[in-house]
Amino acid sequence: MGKERILVTSALPYANGPLHIGHAIGAYIPADVYTRYHRLKGNDVIFICGTDEHGTPIAVTAEQEGIPPKRVADNYHKLIKKTFSDIGVSFDNFSRTTRELHYKNSQEFFLRILEKGFVYKKTVERPYCPVCKRFLPDRYVRGTCPYCGSKDERGDQCERCGKQLEPHELLDSYCAICGSSPEQKKTEHWFFRLSEFSERLNEWISEQKHWPDNARNFSLGWISEGLEDRAITRDMEWGVPVPLRNAEGKVLYVWFDAPIGYISSTQEWNAKGWRDYWQNPDCKIVHFIGKDNIPFHTIIWPAMLMAHGDYTLPWQISSNEYLNLEGRKMSTSRGWVLWLHDILGEFSPDLVRYYLLSINPANHDSDFSLKEFQHRVNSELIGTLGNFINRVLVFIKQNRGGIVPEPVEFDDLDSRILETIRGAPGRVGREIKEFRFQPALNALLATAAEGNEYFQHKEPWKRENGTTLYLCANLTRTLAILMHPFLPFSARRVWEMLGLNGRVEEQEWVSAGESPIEGGHKIGSVEPLYEKIEDKKIDAFGKKFLKPGSESKMDILKFEEFKGMDLRVGRIKRVEDIEGADRLYLLRVDLGSLGERQLVAGIKDTYKKKELTGKEIVVVANLEPAIIRGYKSEGMLLAADLDGKPVFLVPEREVKEGAKIR
RNA sequence: AGCGGGGUUGAGCAGCCAGGAGUGCUCGUCGGGCUCAUAACCCGAAGGUCCGAGGUUCAAAUCCUCGCCCCGCUACCA
């Protein structure tokens, strides 16, 4: 079998914050396992990444802190790079999208597809700040979300309701920098003809039978809903300048330049050899991403590559689902997050890699729990794997003076464990090759468990003829090689403790099935691979780094603003369905002196019509009206939240309709 | 409502793509062994309508069809 050529990428982390445990298992640790495996297999594999440093969040952070955007990116690039190195993610190159080479690449890419007619210019209206004298892309505009009414939201997405927004949709919008209200102004932008690629993409994706279901189905669904042309440029200073004469003040949109960063980083790694990967149909290009990135890597990016014409399309997309933290969704803005550098500060990287891989959210969201982390590490990694290695090496040290004995005869148990050794690289490798990292890890642990079983049944502490220790020493070597993709730091130490030549990462994967350690071999010095995680340590860690957060960040409401709210008691007179809406009722509410009002309320899944009619409820009477599902809603009724279901607030005894609440 | 993902022993998960006796892992319960090893390891027991109903098959947790329930995202909680 010839050598395979493989290009592995992990999603470029955004240089606007540190990495958390979800990032790590989403796109980086699995990619690292995959890459390390293929290196041992002797395949021609490279692992490419870098920080994504353009885009408005970085620019806004920079302006708010009064420093240049490059400085923000510098800081996070440094932190992120160190974190990756600490957890053993072994990129062949880790670049940044602010490098000269990348600017040149992105501009050339743009010009090429412009030349080929896949980019066109169009005049559009965009919000413009008359004071700052500039256009305001997404996060430069803030205002009230038109969907949920949350104040002070950004122009790209509402934090409260999660709705994707366009800057012009915000109500009462204002400039995020100076606070003045923007006006609409005409400007020219370049658009990518994504719509033209629907058919080709559909055909191409349909053929990718080896993709995971989530990626394939989701992408095909996206295409069938219709692809729209996308703006490639914006009016901003921070970004890759549009390389055309009459385009001052315009930069490439960050979604456009970011994936080109994969190519730039590869060129930076090898200025000559990069084409062997990117422009070679025999090279398998594998993108590791989180699920939020799926349409981007299955549709937009391939369309860009199709438009360019010289590049090989991705071969595989490995997309993970999300990781929850102690049963709750992580949220950086609410402070419910576990940063990678925090956990690496207290626990050795292989423990973290082990646990994250053991709960790898490949098929569905999974949950990170500190207690479970402690348990699994203690019982599986240490109790099974670490203990086998330790008891074998310590035994050889103490009873054989550190010398592996000569094997004598082989009984059934011996032959069986020899078979375990022979078959192990295949069992583990097969799973990694298929991107099934959790089963791969299980196969590794199962091999160690077989070792424990064998050792136990042979009872070498009672009598042993050499064969048992000979085989166990070789099985330990097998484990060292098989551990390397998952637990690179421990694998290296096991290799050293065995006193073997060379380095574990230089071994051939298939050689893990052999038994080259011979009688007479002297092992190195031995010490336990890991230390158990004590209750005290895990509790202290939780106290220090897991803060429930959320409530503490609540904004203070001015008394004046509170007084401006007109709360009233109303009586529900009539309840109607709204066609096509399963959660909404159309209510007529009697507010006494204020007359009757029409409200739209999302309570259908909790309350029946009968229970509602005649009921007294509390209403915000002077709220700005909104149109929901085609009906005007003139107010909002108050309810407490019970696990996501509304529970009405009602007066403690009967009061008059329209009674004021103070 | 659309899309996606789930429903497997007391709890939490693998197993399903590639059908082969309900197989496995962690925790918990009960009993035994061992003392090389980090209170570790090994053996055994109890505990299951593998969500339900059909179908394909010699054989279904696994493949197909229909249905029920849960979760996520989106649409529609002003």
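Proteins come first, then strands; the chains are lettered A, B, ... in the order of their sequence lines, and each starts at number 1. These numbers were taken from a predicted model, which means no experiment stands behind them. These values consider heavy atoms only, across backbone and side chains, with no hydrogens, waters or symmetry-generated copies.
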One thing to verify: whether [Y] and [X] come together as a salt bridge, which I'm taking to mean a side-chain N less than 4.0 angstrom from a carboxylate O.
| X | Y | answer |
| --- | --- | --- |
| A:D414 | A:K458 | yes |
| A:R493 | A:E527 | yes |
| A:R571 | A:E657 | yes |

For nucleotides 27-32 of chain B, print each protein N/O atom paired with a nucleotide N/O atom at under 3.5 Å, atom names and distance only.
none

Nucleotide nearest [X] (side chain, heavy atoms from C-beta), chosen from [options]:
| X | options | answer |
| --- | --- | --- |
| A:Q438 | B:U38, B:A14, B:C41 | B:A14 |
| A:R391 | B:C41, B:A14, B:U35 | B:C41 |
| A:Q456 | B:U38, B:C41, B:G15 | B:C41 |
| A:Q398 | B:C17, B:C36, B:A14 | B:C36 |

What's the gap between [N] and [M] when it is taken at their [atom1] atoms, as a whole Å value?
| N | M | atom1 | answer |
| --- | --- | --- | --- |
| B:C16 | B:C51 | P | 15 Å |
| B:C27 | B:G33 | C1' | 22 Å |
| B:C25 | B:A1 | C1' | 39 Å |

### Query
A:Y34 and A:F435: ring-ring contact (aromatic ring centres under 6.0 Å, His included), yes or no, with the steps?
CA-CA 7 Å; A:Y34 188 77; A:F435 301 89; 4.6 Å; yes
### Query
Is there aromatic stacking of A:F395 against B:C36, centre distance under 5.5 Å, plane angle under 30°?
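Not stacked: fails the 5.5 Å / 30° test.
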#### Entry: Between B:C34 (P) and A:Y454 (OH): distance, integer Å
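Result: 20 Å.
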### Query
Whole-Å distance between B:C73 P and A:N324 CG?
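Between P of B:C73 and CG of A:N324: 10 Å.
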### Task
List for me each residue that meets side chain to side chain contact (heavy atoms under 4.5 Å, CB included) alongside A:T384, sequence neighbours excluded, and say none if there are none.
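Residues passing side chain to side chain contact (heavy atoms under 4.5 Å, CB included) with A:T384: A:L445, A:A448, A:A449, A:N452.
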### Query
When the ring planes of A:F541 and A:F347 are compared, do they come out parallel, tilted or perpendicular, using 30° and 60° as the limits?
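Ring orientation of A:F541 relative to A:F347: perpendicular.
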